[in-house]
Structures are given as structure tokens and as C-alpha cells.
There are 4 protein chains.
Amino acid sequence: MPKATFLNLAQEKKDLITDALIKHFATKPYHLVDISDVAKECKVAKGSMYQYFENKKDMYFYTIEVAYERFLQLLTKMDMVHVNILDYYENSLESVWNAMKDLRYEYMLLEMAFFSHDSPFKDEINEKFLKQSRDFLVEIIKYNQKQGFIRDDIDPLLIGIFLEGASFYMKKFIIEKALNENNTTTFELDIDYFKDAISQFIKLLKEGIAKK
Amino acid sequence: MPKATFLNLAQEKKDLITDALIKHFATKPYHLVDISDVAKECKVAKGSMYQYFENKKDMYFYTIEVAYERFLQLLTKMDMVHVNILDYYENSLESVWNAMKDLRYEYMLLEMAFFSHDSPFKDEINEKFLKQSRDFLVEIIKYNQKQGFIRDDIDPLLIGIFLEGASFYMKKFIIEKALNENNTTTFELDIDYFKDAISQFIKLLKEGIAKK
Amino acid sequence: MPKATFLNLAQEKKDLITDALIKHFATKPYHLVDISDVAKECKVAKGSMYQYFENKKDMYFYTIEVAYERFLQLLTKMDMVHVNILDYYENSLESVWNAMKDLRYEYMLLEMAFFSHDSPFKDEINEKFLKQSRDFLVEIIKYNQKQGFIRDDIDPLLIGIFLEGASFYMKKFIIEKALNENNTTTFELDIDYFKDAISQFIKLLKEGIAKK
Amino acid sequence: MPKATFLNLAQEKKDLITDALIKHFATKPYHLVDISDVAKECKVAKGSMYQYFENKKDMYFYTIEVAYERFLQLLTKMDMVHVNILDYYENSLESVWNAMKDLRYEYMLLEMAFFSHDSPFKDEINEKFLKQSRDFLVEIIKYNQKQGFIRDDIDPLLIGIFLEGASFYMKKFIIEKALNENNTTTFELDIDYFKDAISQFIKLLKEGIAKK
DNA sequence: CATGAATGAGCGTTCATTCAT
DNA sequence: AATGAATGAACGCTCATTCAT
């Protein structure tokens with residue numbers, strides 16, 4: 001709920017501010033984000049930030065919302081609900097990879113907002129974003145079970161948790177590796193390493209870790 | 001490195017302070033932990049906290065150390081390295097469950113300290129605790145592969161990530177469920193639900209999610 | 001290095017703050033100067049002081065710098081290096097006296113900053129101000145020796161020390177006398193007493209204390 | 001006015017504490033002297049210091065008193081009042097030098113207490129010590145004038161100020177030189193340099209700086 | 001009397017937010 | 001609407017002094 005003042009801004013300026021906010025909230029915990037830093041980076045007066053937004057929390061939520069939308073846009077390009085989730089992972093490598101590159105800060109922000117204790121608004125965020133996203137995932141899983149794509153002898157919620165956790169750590173690991181190998185600013189980890197890692201990951205997901 | 005003053009305190013008082021610190025650092029990000037809050041809760045003057053510890057960071061690290069030790073004590077009751085990791089998960093249900101009940105805050109603290117972006121001391125903590133813990137896990141995995149307990153066609157590091165993520169989310173889910181069902185202070189989620197959830201989780205781990 | 005915020009202030013306000021700072025740092029040792037006192041005196045919020053300056057040390061150094069400049073302005077009206085130092089003392093009575101009246105706090109501040117053991121920044125100050133000032137004095141003395149104005153059978157450095165000490169105590173004595181006789185705020189010691197004291201002082205300097 | 005508790009202490013312990021206090025108050029400004037530091041150095045509990053003395057100020061004044069007495073003892077070995085002050089300076093080189101070595105901290109303490117702005121008790125100290133000491137000096141000067149040892153056409157008070165200032169700076173200069181040349185702890189500046197400097201200084205005092 | 005833990009007032013500094021222009 | 005100065009609550013930390021044993 002940014003103020004009208006913000007919405008009336010030229011798109012270019014809006015983007016500038018939005019991107020700066022995303023970057024800052026993505027790379028520092030909430031309490032270490034200094035509004036005057038952000039303002040300085042946007043070459044905007046600190047006071048202006050408060051003409052655009054109600055307060056810091058408002059900036060934070062707006063920021064999450066934008067990041068979330070940008071992410072969903074990538075996903076909704078395909079009919080997620082009616083897809084074989086295993087195929088999805090397997091086939092969408094390239095686009096996921098690109099998403100992780102292009103929406104790096106968005107991704108990091110969402111990760112922090114949803115899963116770290118940093119934010120003082122954890123519950124609100126959960127309510128607003130995470131629950132629906134988990135519900136959405138469970139929906140997909142149920143569909144996949146019904147279609148016979150994945151086993152149906154396990155509670156879909158538990159499968160969802162399992163999937164969320166394993167894939168989140170996986171992505172995190174890849175991103176960190178990429179950030180370390182490069183000078184943090186570029187993001188040019190070899191896609192081959194990534195492809196290989198993901199395909200091993202899919203195998204684990206599908207077949208489990210037990211020796212056959 | 002708490003000061004001698006702290007170590008000389010009556011055990012009871014030491015525990016009181018230690019537990020209060022753990023609770024606070026476990027439930028709020030570092031920057032929101034107010035030393036005078038903690039002091040008040042311990043019925044101790046703010047200044048006393050600084051007779052016990054060098055500074056806030058010292059309190060934080062001490063707190064993590066204690067939580068870590070308490071955790072390790074549970075784990076080291078068995079010879080972790082030389083165990084079938086799948087059996088381990090399956091058989092240690094009860095003790096894991098109890099650990100999660102008794103060391104609830106310790107668990108949450110370690111989770112925050114190791115995985116959240118807050119804390120200005122991420123790197124130090126990684127250096128001091130986390131690195132060895134992931135290395136340790138990979139060691140176990142390699143042993144399990146050699147013994148033929150688990151598949152050896154996948155990079156043990158990736159298996160480690162997979163395991164860490166899936167089981168972390170699982171535990172988190174259970175803890176949150178337990179905390180919500182009750183009034184946060186007690187922790188009386190039915191062990192049966194827990195047992196059931198864990199055994200399904202083990203199945204997923206072992207066999208994967210693909211339909212046979 | 002006050003911040004731009006300070007430099008942009010109305011000259012009047014800048015002076016108000018500068019003078020308050022000089023007064024406080026001139027009359028109390030560094031550690032007893034309370035920024036909120038100063039702020040209160042300027043009718044400015046404590047926080048504002050930190051919008052103007054980096055920190056307390058910054059205020060202190062700024063203060064010294066201003067006092068030093070104000071002092072130098074008085075001295076540089078004449079070509080100090082190429083002057084008979086004895087004549088200088090004798091003829092400049094009036095202006096010295098006025099300086100001591102107008103720049104009372106500046107004088108006291110510099111005295112404290114340069115010669116007292118307080119201030120955690122003694123060395124920096126020495127480096128920045130004092131060294132050049134003693135060197136400058138020795139330069140003058142050498143010139144006076146070369147011109148035959150003063151004896152040249154004594155190490156110029158020692159003469160410098162001698163001069164510094166005797167005249168510093170002299171000035172200090174006069175200032176204290178003046179401050180005591182009045183209500184500290186005004187400074188109306190009779191110039192005649194002052195002239196007399198100074199001329200006797202010059203005699204001692206020139207001719208020594210021995211009976212002829 | 002240390003408490004009886006202190007006075008009843010074994011002489012050895014009393015000296016230990018006294019010397020530690022002198023050293024600390026001599027080398028740091030009042031506000032930076034930390035009583036627990038001093039206590040630690042004496043291997044005495046901090047609380048004990050407060051059984052010996054009323055408070056920090058009490059310690060400070062006791063310290064000054066002792067230092068002052070020790071100093072006076074050196075001076076009163078000769079009948080100061082009835083001595084030719086010029087001869088005194090000239091002949092007592094060696095003993096002054098030794099005093100400066102042995103009573104280094106006492107000397108530094110008195111210097112700070114009397115002449116720097118550091119102490120919050122400046123006026124009291126002036127009242128208690130300095131005035132009598134300056135009065136004493138003026139007494140000597142008057143006697144010297146009456147005896148025809150020094151000129152009597154100048155106000156004895158002014159001569160006193162002159163002497164105080166010039167000789168204080170001189171001593172300060174020598175002490176600093178000595179402290180710099182050595183590793184601060186020993187104090188072994190060559191007495192020859194010292195003798196030479198002092199004799200030049202006496203010449204200046206006696207004959208002034210004017211070219212004959 | 002000695003000890004050393006306990007206390008709390010106080011200071012420097014930060015930063016979200018408001019205000020005046 | 002934009003600016004950037006002004007505000008003040010809040011927090012980390014220190015240390016003289018008191019208290020309990």
C-alpha cells in the first residue's frame with residue numbers, strides 16, 4: 001500500500017526505487033536496512049521515501065509483494081497445477097536457472113522474508129504469502145497423486161514439506177556456490193554444473209536415497 | 001568466554017540467565033534482543049549482565065555454544081559416524097522427539113544462528129560451528145555409501161544438502177505445529193502424530209516420491 | 001570535518017553552536033563535556049548534534065580548529081617572523097589584551113587541548129597543531145638572534161621553552177585575575193593594570209631577575 | 001582523610017596502595033582512572049578500596065597530599081626561605097635532578113593536579129595546595145629582594161609567576177625528553193645534558209634574553 | 001575487615017519518523 | 001511534491017558506589 005504519490009511517479013523512477021528496496025531488503029536483515037541509504041542510492045531525499053510509503057514496514061511489504069509477483073509470473077507461464085511435477089523440475093531447468101539469475105535479489109528476499117526469523121512481521125507474512133504458496137504446492141501434489149505421477153500413500157502436506165525443504169536447500173546451495181565462485185556481482189556459474197546437480201537432485205527426489 | 005564473575009555464580013542462577021538468553025536469542029533476531037529485557041527477566045540489573053559477559057556478542061556466542069553442546073550431548077550418545085543413517089532416523093524417533101521438546105529453544109537458536117541472514121557474525125559462526133557440522137554429515141554419508149546402506153551414484157555432498165533441507169523443514173514443521181496447537185509454553189503435541197509423520201518422512205527419504 | 005548539514009546551517013546558528021562547543025570544551029575536560037548539555041544550551045536536539053558532526057571527537061577537533069584559526073587571524077595581522085620579538089610584546093599590548101578578552105574561551109580551549117593530559121587525542125593534536133607552533137616560535141627566535149635583537153649564546157629551543165612557559169603563566173595569571181574580579185561573564189579588568197603587568201614582564205624577559 | 005581502616009594497614013600495604021594511586025592519577029586524567037584497575041594492581045578487592053577511602057575524590061586528594069609532602073621533604077632539607085634563590089637553582093642541580101627521577105610520578109601528579117583543567121576539583125586544590133605554595137614562593141622572592149640577591153623594582157608576585165612558568169616548562173621539557181629517549185620506564189637521560197640545559201636556563205633567568 | 005557481586009545513573013550514538021520550507 | 005533538517009526514544013556499555021556474605 002504505497003501512497004498515491006508513489007504510484008503517480010514515472011515508471012522509471014518507480015522501478016529505480018523498487019529495485020533498490022528489493023536489493024537492500026534482500027541482502028540485509030530488516031533492522032539493518034537504513035532508509036537513508038536506500039534514499040541516497042535512489043538519489044531521492046529521505047523525506048520523499050515517507051511521502052511514497054507509510055513507513056518502513058510499508059516499504060518492506062511492498063517490496064515482498066513485488067518480488068513475489070515477479071516470481072509468480074515466471075511460474076504461471078505454464079499451467080502449474082496441471083503438470084507432472086517431476087517432469088516440471090526436470091524440464092524447466094533452464095528457465096529456473098535463468099530465474100535464479102535474473103531474480104536473484106527477489107529470490108533472496110523471499111527466502112529471507114518467508115523462512116528466516118529476521119523480520120518482525122513473520123506471522124503477517126506467513127498469513128499473506130506463505131500459506132497460499134504452500135496451499136498451492138499441496139494442490140499440485142494432490143493433482144499429481146491423482147494422476148498417478150507420484151505416490152499417493154503419503155500425506156500430500158508432508159510431501160510438500162519434504163519438497164520445499166529439499167529444494168530450498170538445494171537452490172540455496174547453488175546460489176551460494178555461484179556467489180562465491182564469482183565476485184558476487186556477476187552470476188556466471190557454469191550452467192553445466194547446475195544441470196548436473198539438479199538432475200542428481202531429481203533422482204534423489206524420485207527414487208530416494210536407499211540403495212536398491 | 002563469559003567472565004569469571006559469571007562462572008562463579010551459583011549454578012541455579014547461571015542456568016536462569018543462560019536459559020533466558022537462549023530463549024531471547026532464539027525467538028528474536030539479534031538486533032531485537034534487548035539486554036535490559038533479558039536482565040529484567042532474570043531479575044538482575046542490566047549492569048550485571050556486563051559483569052558476566054564482555055558484551056552482547058559475547059552473550060550471543062556463549063548462548064550458541066551452550067545450545068550446541070546440549071544438542072551434541074544428545075547425538076553423541078550413539079556412535080553417529082558408524083551407524084546406518086536410515087536406521088538412525090527410524091530408531092531414534094523417541095529421543096529426537098524428546099530433544100525437540102526439551103531443547104526447543106536451543107534448536108530454534110541454532111537454526112537462526114546457522115541459517116538466518118541476521119547476526120553480524122555469520123561468518124564467525126560458520127567457521128566455528130557450521131562447517132564442521134556439514135563436514136560431519138558428509139562423513140556419515142560417505143560411510144553409509146561404503147557400507148552399502150545408501151546409494152553411491154550420487155555426490156555425497158548433494159545427498160547431505162538434500163537430507164539437511166528435507167529434515168530441517170520437517171522438524172520445523174513439527175515444531176511449529178506443536179507450538180501452535182498448544183499455548184506456546186507447553187509442548188504437548190501427541191507423539192503419535194509425530195511418529196506417524198516421521199515414519200512417512202523416512203519412507204520419502206528412502207524410496208523417493210515417484211510412484212512405483 | 002563537520003557534515004554538510006552543519007555547513008549549510010544559517011551562519012547565526014552555526015556560530016551559536018560553535019561558540020557553545022568552544023565554551024564547553026574550554027571549561028571542562030573532554031570527558032566531562034556532555035553533548036546533551038551543549039545541545040540543550042543551543043536549544044537543539046541531542047540527535048541534531050550528530051547530524052552536524054560525525055561524533056564527539058569530530059566536534060572537539062572542529063572546535064579546536066576554529067579556535068586556532070581565530071587566534072591565528074589576530075597574529076597574522078603582522079609579519080611575525082620578521083619582527084623584533086621584544087618590540088612585538090611591548091607594542092602589541094593592546095591587541096593581545098583585546099584578544100585575550102574576545103577570545104577568552106578560544107584561548108582556554110587551546111591551552112587545554114595543547115597542554116593538558118586529558119583528551120584521548122593528545123598525539124593527534126600535537127601532530128596537527130602544536131608541533132608547527134613551537135617550530136614557528138623557534139624560527140622567530142633564530143631570526144631575532146641573527147638580527148642581533150636577542151642573545152645568541154643560548155640554544156634557541158631553550159629560549160623558546162623559556163618564553164613559552166613564562167608568557168603562558170603570565171597570560172594565565174592575568175586571565176584568572178580578570179575572571180575572578182568580575183562575574184566571569186564580563187571581562188573588564190582595568191587595562192592599566194594589565195599594561196603595567198606586561199611591561200614589568202617584558203623587563204624580566206629582557207633583563208632577567210638578577211640585581212644589576 | 002582516608003579511613004582508619006587504611007591507616008591501620010601494614011605500612012608495606014599502605015605504600016603499595018599509595019604508590020599505585022599516585023602512578024595512576026599521575027599518568028591519566030582523573031576521569032580515566034579506573035578504581036578497579038588500581039585495585040587489581042594492588043591485588044586488593046575493589047570493595048576494599050572503599051573501605052579504605054570515602055570515595056574516588058578522597059583517594060585523589062590523599063594521593064596529592066602524599067605527593068606534595070614527599071616533594072616538600074626534599075625542599076625543606078634546606079632552609080628555603082633564607083637562601084639565595086639563584087644560587088639555589090644553580091647549586092641544587094643534582095638533587096633536583098634526582099628528585100625528578102625518584103619522584104617522577106609525584107611530580108607529574110602535582111603538575112596535573114595544579115595546572116591542568118582535568119580535575120573536577122580544581123578550585124579546592126588551588127585553595128588547599130597551590131595558594132600556599134605560591135605564597136611560599138613569593139615569600140622567598142621578597143626575602144631575596146631584601147637581601148639584594150635579585151632586582152626589587154618588579155612586583156614579587158610577577159617575578160613568582162615568571163619563575164613558576166619558565167621553570168615549569170623547563171622541567172616539563174626535560175622530563176618529556178627523558179621519557180622519550182628511554183623506554184618510559186627507566187629514566188636515564190644523561191645528567192650532562194640536563195646540567196647544560198639548566199645552566200643555560202639560569203643564565204636566561206638571571207640576565208634575560210636581550211642582547212647586551 | 002575483605003571480598004567481589006550487584007546496582008543504576010548516565011553517556012555516546014543511531015535511525016525511523018515528522019516538520020517546515 | 002520534494003527536500004533535508006529536527007526530533008527523541010532507544011540501546012549498548014561503563015564505572016563509581018553499595019551490599020551481602
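Per chain, numbering begins at 1; letters A, B, ... match sequence-line order. For the numbers below, each heavy atom of this structure counts, side chains included, while hydrogens, waters and symmetry mates do not.
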Dot-bracket for DNA chain E: what is it, with Watson-Crick or G-U pairs under 3.5 Å, [ ] where a pair crosses earlier ones, and | for a pair to another strand? .||||||||||||||||||||

Plane angle bin for F121(B) and Y60(B) - parallel if under 30°, tilted between 30 and 60°, otherwise perpendicular: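 Y60(B) vs F121(B) ring planes: tilted.
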
Whether Y68(A) and F114(A) hold their rings parallel, tilted or perpendicular, with breakpoints at 30° and 60°: perpendicular

Within the structure shown, what part of the strands sits under 4.0 Å from Y52(A) by heavy-atom distance: base, sugar-phosphate, or nothing?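 The answer is sugar-phosphate, as Y52(A) gets under 4.0 Å only of primed atoms, P, OP1 or OP2.
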
NA contact type, F6(D), heavy-atom cut-off 4.0 Å: base, sugar-phosphate, or nothing? nothing

Go through the structure and list residues passing side-chain contact (heavy atoms from CB on, under 4.5 Å) with E69(D), not counting sequence neighbours.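 Checked E69(D) against side-chain contact (heavy atoms from CB on, under 4.5 Å); matches are E65(D).
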
Hits for side-chain contact (heavy atoms from CB on, under 4.5 Å) against Q11(B), two or more places apart or cross-chain, chain-then-number order -> K14(B), D15(B)

If I compare all heavy atoms of A67(A) with all of L109(A), which pair ends up nearest, and what's the gap? CB-CD2, 3.9 Å

Indicate every side-chain donor-acceptor pair of residues 37-49 of chain A with a distance under 3.5 Å to a residue at least two apart or in another chain.
residue : atom : partner : partner atom : Å
E41(A)  : OE1  : H24(A)  : NE2          : 2.7
E41(A)  : OE2  : K23(A)  : NZ           : 3.1

A correct 5'-to-3' footprint of nucleotides 9-16 of chain E, with B, S and - meaning base, sugar-phosphate only and no protein heavy atom under 4.0 Å, is -BSBBBSS

Say whether, by atom type as modelled, one donor and one acceptor occur between the side chain of T63(C) and the main chain of L21(C) under 3.5 angstrom.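 No, because the side chain of T63(C) does not come within donor-acceptor range (under 3.5 Å) of the backbone of L21(C).
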
For F6(B), which residues count as a ring pair (Phe, Tyr, Trp, His ring centres under 6.0 Å) partner, sequence neighbours excluded?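 Testing F6(B) for ring pair (Phe, Tyr, Trp, His ring centres under 6.0 Å), a comparison that skips the adjacent residues, returns Y52(B), F53(B), Y62(B).
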
How would you list, by chain and number, every residue that makes a ring pair (Phe, Tyr, Trp, His ring centres under 6.0 Å) with Y50(B), sequence neighbours excluded? none

Can you sort out the partners of D34(A) under salt bridge (charged side-chain N to carboxylate O under 4.0 Å, His left out), two or more places apart, ordered by chain and number?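 Applying salt bridge (charged side-chain N to carboxylate O under 4.0 Å, His left out) to D34(A) gives none.
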
Please enumerate all residues that pass salt bridge (charged side-chain N to carboxylate O under 4.0 Å, His left out) together with K57(C), with sequence neighbours excluded.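 If we apply the salt bridge (charged side-chain N to carboxylate O under 4.0 Å, His left out) test to K57(C), skipping adjacent residues, the hits are E124(C).
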
Anything under 4.0 Å to a heavy atom of chain D counts; send over the first and last such nucleotide of DNA chain F, read 5' to 3'. dC15(F) to dT18(F)

Test Y30(D) against H31(C) for side-chain contact (heavy atoms from CB on, under 4.5 Å), laying out the working first. CA-CA 10 Å; Y30(D) 183 83; H31(C) 293 95; over 6 Å; no

Considering only heavy atoms, which members of residues 12-22 of chain B lie under 4.0 Å from some atom of DNA chain E? K13(B)

Sequence neighbours left out, what passes side chain to side chain donor-acceptor pair (under 3.5 Å) with N8(B)? Give chain and number order.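 Side chain to side chain donor-acceptor pair (under 3.5 Å) list for N8(B), sorted by chain: empty.
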
